[in-house]
Amino acid sequence: LSGHARVDDDLLEELEEVLITADLGMQTTRQLVAAVEERLGRSEAADPQLVRQVLKQEMISRLTEVDSPLDLEQASPLVIMVVGVNGVGKTTTIGKLARLWTSRGKKVVLGAGDTFRAAAAEQLAIWGERAGVDVIRHAEGADPGAVAFDAARAAVARKADILLLDTAGRLHTKANLMEELKKIRRILEREIPGAPHETLLVLDATTGQNALIQARLFKEAVEVNGLVLTKLDGTARGGIIVAIANDLGLPVRFVGIGEGADDLRPFDPEMFVRALFE
Amino acid sequence: NLTEKFDTVFKKLRGRGRLSEENIKDALREVRLVLLEADVNFRVVKDFIAAVRDRALGQDVLKSLTPAQQVIKIVREELARLMGEGEANTLDLAARPPVPVMLCGLQGAGKTTTCGKLALSLRRQKRNPLLVPADIYRPAAIEQLKTVGRQINVEVFDSQPGQDPVKICEAARAYAELNGFDTLILDTAGRLHIDSELMQELVRIRDSLEPREILFVADAMTGQDAVNVAESFNQVLDISGVILTKLDGDARGGAALSIRAVTGKPIKLVGMGEKLDALEVFHPDRMAQRILG
Ligand SMILES: Nc1nc2c(ncn2[C@@H]2O[C@H](COP(=O)(O)OP(=O)(O)OP(=O)(O)O)[C@@H](O)[C@H]2O)c(=O)[nH]1
Ligand SMILES: Nc1nc2c(ncn2[C@@H]2O[C@H](COP(=O)(O)OP(=O)(O)OP(=O)(O)O)[C@@H](O)[C@H]2O)c(=O)[nH]1
Ligand SMILES: [Mg+2]
Ligand SMILES: [Mg+2]
């Protein structure tokens, strides 16, 4: 009769299904349910509506807790390195950010740091054209460190406000590729003290539990400080970012909601959680 | 891993004599957690556990001296069977040339790269493939396929961003007939399964080209959403098979089970790296092992 709340089994299974199919993962799901049980009294835990409401609030508060805005004025040029595994939307996201910040009157320069994948520099060049910004690029097969160096130099020389450096997609399990990323970071640091001021890890909303491992390993390698969650215009919910907020304290800066230059939104925890439950 | 978890579950039983149904259910609860952690879809896991439970509650397990091993064996066998063990999973190219092979899937899954891998593998089998860039939307997509073609010395049909993808494929077929290419590898743009206009574009390409193979390309790290995507692509196109990419990573690949469960179609090939020779035949038993961790 201690009044210890316990969500009833049927409701529990229903909530588990919602959270797990949203890719939160079992561990985070259990933590959230335990947190909800802690906050509710015995009789309250029997009210499905109330339980759901408290659960949403719990998720929103965890996301809000790690939320921190990206300060564009903290340095000039502000150097942003964009990293992530293959095909998640790094290059496209850079195109969108170039458009966003140019429309806000910022001078943006892009660095075509993917010198490995077929037509990667061409792809970024087209995005640069669309935003009306300079793109620093070398020939395919060139040293990505050299592109980083030139891009940093150019950003300073051209008095850019923001430098966005694209990098080749790479799996976090490939040690040599992660070393290459560290080298690129060191080159940026040497050229522009404090750079990169922001390291954005791009995650695909369709990815499951592996996104948590990606976040962990990229953070260990190159001090990721923000996330971009792409492809939220699909049916995947991207709930793994709740696990990432929980375990790694990383905030989502932006969400990608399509393939066009304007399909980018600042992250809104409330909207995100509401959409997850729909 | 699963063996350790089961040993923990069954260790409590040693000295208590016979195994009970409750013990088996505890073990199956562990299996459920393992599968969910591996990204197998929630409902697919439910169905799988129900299917395994009957065998697991059988006399040979309850009376066994090594019940943990028995349950694991059942789970592994069921999983491998579901993944398509014993099924033929080769590409069907038995048609009048040029045989069209169409690749489709979500954005970024690895279609363009896989088209290149396929072309190289077919060339090594003494076939004469033509790569067809039918993605007119993604910036430099056509250029990407052309670059890939140059790297492996396979011809790429010349298309332009303004053209209609169906017309591109039809023109490529005519070109292939005229010039003795025996296989057409159609690279299509990534698209959402909920984008009805773009899904209809795939239907039009399929209806006009009548591909021998319609291969759904899926990223091995896909999570719970795999069922929704695979089901839609299959319902709209009646895919002939699946290619799972980026298996060189450490994603457990539970999406493979979800995709199999919801489409019933064979997983034919797997992408094992970014290089164009990184394409392998799919092994159901190895996939089952990987999913179970
Ligand atoms: N629907 C949708 N598609 C997206 C979004 N962001 C990117 N894409 C698409 O995803 C695909 C891959 O995008 P890229 O920008 O090339 O991804 P990347 O991470 O740079 O890929 P690599 O450099 O090859 O590792 C493209 O087809 C993009 O149009 C998004 O928010 N929504
Ligand atoms: N590690 C690894 N990377 C792969 C594999 N297959 C493809 N990739 C990479 O995944 C990224 C996306 O590949 P693409 O071939 O551009 O994907 P796509 O499906 O054509 O993309 P869209 O046309 O934009 O839909 C590229 O960086 C590829 O090099 C694979 O098996 N392993
Ligand atoms: Mg890229
Ligand atoms: Mg492509």
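Lettering follows sequence order; numbering is per chain, from 1.
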*Asks:* Chain B: which of I213(A), T21(A), V85(A) shares the most heavy-atom pairs with it under 4.5 Å?
*Replies:*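 Greatest number of close heavy-atom pairs with chain B: T21(A).
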*Asks:* What part of R237(A) gets within 4.5 angstrom of chain B, counting heavy atoms only: side chain, backbone, both, or neither?
*Replies:*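 For R237(A), no heavy atom lies under 4.5 Å from chain B.
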*Asks:* Could you tell me whether a side-chain N or O of D23(A) sits under 3.5 Å from a main-chain N or O of Q224(B), the two making a donor and an acceptor?
*Replies:*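 Checked: pair present.
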*Asks:* Taking CD in Q27(A) as the centre, count heavy atoms belonging to other residues, nucleotides or ligands within less than 6.0 Å. Is the count above 12?
*Replies:*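 It does not: Q27(A) CD has 12 such atoms or fewer within range.
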*Asks:* Do you know which of D204(A), T91(A), D233(A) has the most heavy-atom pairs with chain B at a distance under 4.5 angstrom?
*Replies:*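 Answer, by heavy-atom pair count under 4.5 Å with chain B: D233(A).
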*Asks:* Distance check, rounded to the nearest 0.5 Å: L36(B) atom CG versus I20(A) atom CD1?
*Replies:*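 The CD1 atom of I20(A) is 5.0 Å from CG of L36(B), to the nearest 0.5 Å.
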*Asks:* Under a 4.5 Å cut-off applied to non-hydrogen side-chain atoms, are E140(A) and T147(B) in contact?
*Replies:*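 A side-chain contact exists here, since the closest heavy-atom pair is under 4.5 Å.
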*Asks:* Any side-chain heavy atom of T207(A) sitting closer than 4.5 Å to one from D219(B)?
*Replies:*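 Contact flag for T207(A)/D219(B) side chains = no.
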*Asks:* So for V88(A), is it side chain, backbone, both, or neither that comes closer than 4.5 Å to the heavy atoms of chain B?
*Replies:*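 Neither part; nothing is under 4.5 Å.
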*Asks:* Given side chains that start at C-beta, do those of P139(B) and E122(A) come closer than 4.5 Å, heavy atoms only?
*Replies:*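 P139(B) does not reach E122(A) side chain to side chain.
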*Asks:* Measure the spacing between CG of L171(A) and CG of D250(B) and express it to the nearest 0.5 Å.
*Replies:*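 Rounded to the nearest 0.5 Å, the CG-CG separation comes out at 8.0 Å.
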*Asks:* Kindly give the heavy-atom pair with the smallest separation between A119(A) and A140(B), and that separation in Å.
*Replies:*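 So the two residues come closest at CB-O, 3.9 Å.
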*Asks:* Got a salt bridge between R138(B) and E259(A), using NZ or NE/NH1/NH2 to carboxylate O under 4.0 Å?
*Replies:*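 No salt bridge links R138(B) with E259(A).
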*Asks:* Side chain from CB out, backbone as N, CA, C, O: work out which of these in L145(B) comes under 4.5 Å of a heavy atom of chain A, or both, or neither.
*Replies:*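 L145(B) has no heavy atom closer than 4.5 Å to chain A.
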*Asks:* Assess the side chains of T235(A) and D225(B): does a donor N or O sit below 3.5 Å from an acceptor N or O?
*Replies:*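 Short answer, yes.
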*Asks:* Let me confirm one number: the CD-CE distance from Q209(A) to M221(B), rounded to the nearest 0.5 Å.
*Replies:*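 Taking CD in Q209(A) and CE in M221(B), the distance rounds to 13.5 Å.
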*Asks:* Would you mind checking if E13(A) and R43(B) are paired as a salt bridge, meaning a charged N to carboxylate O distance below 4.0 Å?
*Replies:*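 So R43(B) does not pair with E13(A) through a salt bridge.
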*Asks:* Taking every heavy-atom pair that is under 4.5 Å apart, which of R150(B), E37(B), Q107(B) has the most such pairs with chain A?
*Replies:*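 Result: the option with the highest number of such pairs is Q107(B).
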*Asks:* Side chains of D39(B) and N210(A) only: does a donor on one sit below 3.5 Å from an acceptor on the other?
*Replies:*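 Note: D39(B) and N210(A) side chains miss the donor-acceptor criterion.
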*Asks:* Evaluate D248(B) against K174(A) for salt bridge (charged side-chain N to carboxylate O under 4.0 Å, His left out), listing each step before the verdict.
*Replies:* CA-CA 9 Å; D248(B) 46 319; K174(A) 312 215 161 154; 2.5 Å; yes
*Asks:* Would you mind checking which part of K146(B) comes under 4.5 Å of any heavy atom in chain A, side chain (CB onward), backbone (N, CA, C, O), both or neither?
*Replies:*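 No part of K146(B) comes within 4.5 Å of chain A.
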*Asks:* Decide yes or no on salt bridge (charged side-chain N to carboxylate O under 4.0 Å, His left out) for E16(A) and R32(B), but give the supporting numbers first.
*Replies:* CA-CA 13 Å; E16(A) 268 192 3; R32(B) 176 174 178 258; 3.3 Å; yes
*Asks:* Which pair of non-hydrogen atoms, one from E274(B) and one from F116(A), has the smallest distance, and what is that distance?
*Replies:*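 Nearest heavy atoms, E274(B) then F116(A): OE1-CE2, 3.4 Å.
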